[in-house]
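A, B, ... follow the sequence lines: proteins, then strands. Residue 1 opens every chain.
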Protein chains: 2
Amino acid sequence: MSDTGSDAADAAARGTTAVEVVRTLPEASVARLPVYLRVLSELALAGRTVVSSDALAALAGVGPAQVRRDLAPLGPRGTRGVGYDVVALRDRLQDVLGLTHEWPVVIVGAGNLGQALAGYAGFADRGFRVAALVDVDPLLVGSSVAGLVVDPAERLEDAVLRSGASIAVVATPPGSAQAVCDRLVAAGVRSILNFAPVLLVVPAHVEVRDVDLSVELALLAFHEQRRAADLPLDLPVREGRA
Amino acid sequence: MSDTGSDAADAAARGTTAVEVVRTLPEASVARLPVYLRVLSELALAGRTVVSSDALAALAGVGPAQVRRDLAPLGPRGTRGVGYDVVALRDRLQDVLGLTHEWPVVIVGAGNLGQALAGYAGFADRGFRVAALVDVDPLLVGSSVAGLVVDPAERLEDAVLRSGASIAVVATPPGSAQAVCDRLVAAGVRSILNFAPVLLVVPAHVEVRDVDLSVELALLAFHEQRRAADLPLDLPVREGRA
DNA sequence: TACTGTGAACTAATTCACAGCT
DNA sequence: AGCTGTGAATTAGTTCACAGTA
């Protein structure tokens with residue numbers, strides 16, 4: 001590569017300056033980073049200072065090669081022969097995932113699920129602050145849930161603007177989810193965690209993640225049924241005509 | 001294909017008998033089947049009798065080619081030039097997913113989340129019956145949630161055996177999840193939907209599906225952060241030494 | 001020695017594009 | 001004409017196996 005290298009690469013080769021290189025992170029890896037983060041937080045709390053890809057893999061429930069593939073592009077490379085620095089890696093993950101500052105979140109729907117989410121400790125731990133909890137039901141509005149007063153539905157836009165929330169949770173019945181979603185998007189929300197079993201239609205710049213609990217159970221039922229019949233993933237199919 | 005075909009294929013060619021053929025269903029397709037089922041159920045309810053892969057794709061939020069790939073192995077093939085028979089396809093999906101009979105489910109943990117799950121209509125709709133709701137907290141035990149009396153933790157095994165549940169939901173704090181899981185498995189549970197943010201260690205014949213709500217939010221935060229900075233999935237990484 | 005980082009091989013999943021029915 | 005079903009091409013993801021390094 002002689003003299004075809006970039007200025008930056010040359011500088012690095014000369015050992016003078018650190019270089020900014022851009023590494024791409026596969027989406028599949030991104031999806032596992034929060035899990036590593038959780039494990040590393042626990043390890044750090046337990047006083048562990050280094051961890052090998054093998055150990056981390058075991059704790060995260062994946063293969064060691066995968067851990068290395070996932071982490072290598074992040075930069076704070078582990079030390080060969082030793083492992084990864086627990087705290088440095090944890091901090092890097094927090095940084096990459098954007099969990100270094102607080103994220104205000106608006107939850108729409110204060111039914112059972114909305115209330116459960118509002119009180120979920122795992123959110124606060126990771127920097128997600130429930131800025132508002134909104135519902136249409138006059139019986140719920142004004143009541144106190146997890147230290148929050150439930151706001152009436154009219155205040156939805158208000159809550160989003162006031163809190164500056166760019167993330168919202170939809171925990172309404174399926175029938176009202178799309179309308180709520182539209183209002184959230186109009187108010188400036190760009191990321192939605194949707195618990196309603198419907199496809200939310202949103203503009204391209206808005207991201208929706210669906211959590212459909214009955215889908216999860218259905219998948220368990222499928223595999224359960226397979227296991228009971230001792231079949232693999234194959235289906236007997238009637239082919240041809242009588 | 002002349003005379004190289006199998007006996008079964010010959011029979012089919014002669015048009016005498018239907019043939020049992022085994023088609024393999026990719027795991028990724030399986031994960032989408034419950035979504036198709038939901039859409040088809042809605043369409044059937046709305047009186048729609050046929051649906052094209054294009055229409056179904058739009059409603060399910062995937063591409064039309066993917067719909068066809070996913071459904072083709074199931075057998076009740078659509079009619080070329082027309083589309084899929086809504087009711088026939090819905091029934092076939094229910095059958096394949098094992099949702100033709102009731103599945104008793106035991107929920108462990110009657111906190112906010114456990115209560116929300118116990119009352120979740122989407123479960124009952126799909127044939128999941130909450131057979132028992134169990135908790136350690138003496139304040140909750142005996143109280144009534146969604147028409148169910150909360151059972152004490154000691155009754156866990158009892159509840160599993162009595163109901164014959166092979167599916168359970170773990171909605172306990174992370175600290176007690178593994179112990180609960182062990183007891184469930186010992187009692188005969190083979191599929192677990194886990195809401196606790198920990199890796200459950202189970203024997204090979206047991207399947208666990210994790211739903212980690214803070215992971216979902218973290219992924220939204222990641223993309224949100226990217227979008228704000230207008231970066232793609234790339235990371236600037238400091239490479240080389242000073 | 002004991003570990004990471006990564007090219008290379010492999011496997012899975014998606015998308016294209018069109019043949020084949022109805 | 002209008003659709004499905006599917007080979008073929010493409011892309012993404014995983015795993016292997018080992019070179020490189022502290």
For residues 46-64 of chain B, the side chain to side chain donor-acceptor pair (under 3.5 Å) pairs (sequence neighbours left out) are S53(B)-R68(B)

Sorted by chain and residue number, the ring pair (Phe, Tyr, Trp, His ring centres under 6.0 Å) partners of H205(B) (sequence neighbours excluded) come out as none

Letter by letter from the 5' end, nucleotides 12-22 of chain C scores (B base, S sugar-phosphate only, - none; protein heavy atoms under 4.0 Å) -SSB-B-BBBB

The side chain to side chain donor-acceptor pair (under 3.5 Å) partners of D210(B) (sequence neighbours excluded) come to N194(B)

**Asked** Counting distance only, does the side-chain N/O of R92(A) pair as donor-acceptor with the main-chain N or O of L74(A) below 3.5 Å?
**Response** yes

In whole angstroms, the gap separating P of dT4(C) from OH of Y36(A) amounts to 12 Å

By salt bridge (charged side-chain N to carboxylate O under 4.0 Å, His left out), R126(B) pairs with (sequence neighbours left out) none

**Asked** Under 4.0 Å: is that the gap between some side-chain N or O of Y84(B) and OP1 or OP2 of dG5(D)?
**Response** yes

Residues at least two apart in sequence or cross-chain that pass side chain to side chain donor-acceptor pair (under 3.5 Å) with Q178(A), listed by chain then number, are D182(A)

Per the under-4.0 Å heavy-atom filter, residues of residues 50-58 of chain B near DNA chain D come out as S52(B), S53(B)

Atom CG of L25(A) and atom P of dG13(D) are separated, to the nearest Å, by 10 Å

note: D85(A), atom CG; dT4(C), atom P; distance rounded to Å ~ 13 Å

The side chain to side chain donor-acceptor pair (under 3.5 Å) partners of Q94(A) (sequence neighbours excluded) come to none

The salt bridge (charged side-chain N to carboxylate O under 4.0 Å, His left out) partners of D91(B) (sequence neighbours excluded) come to none

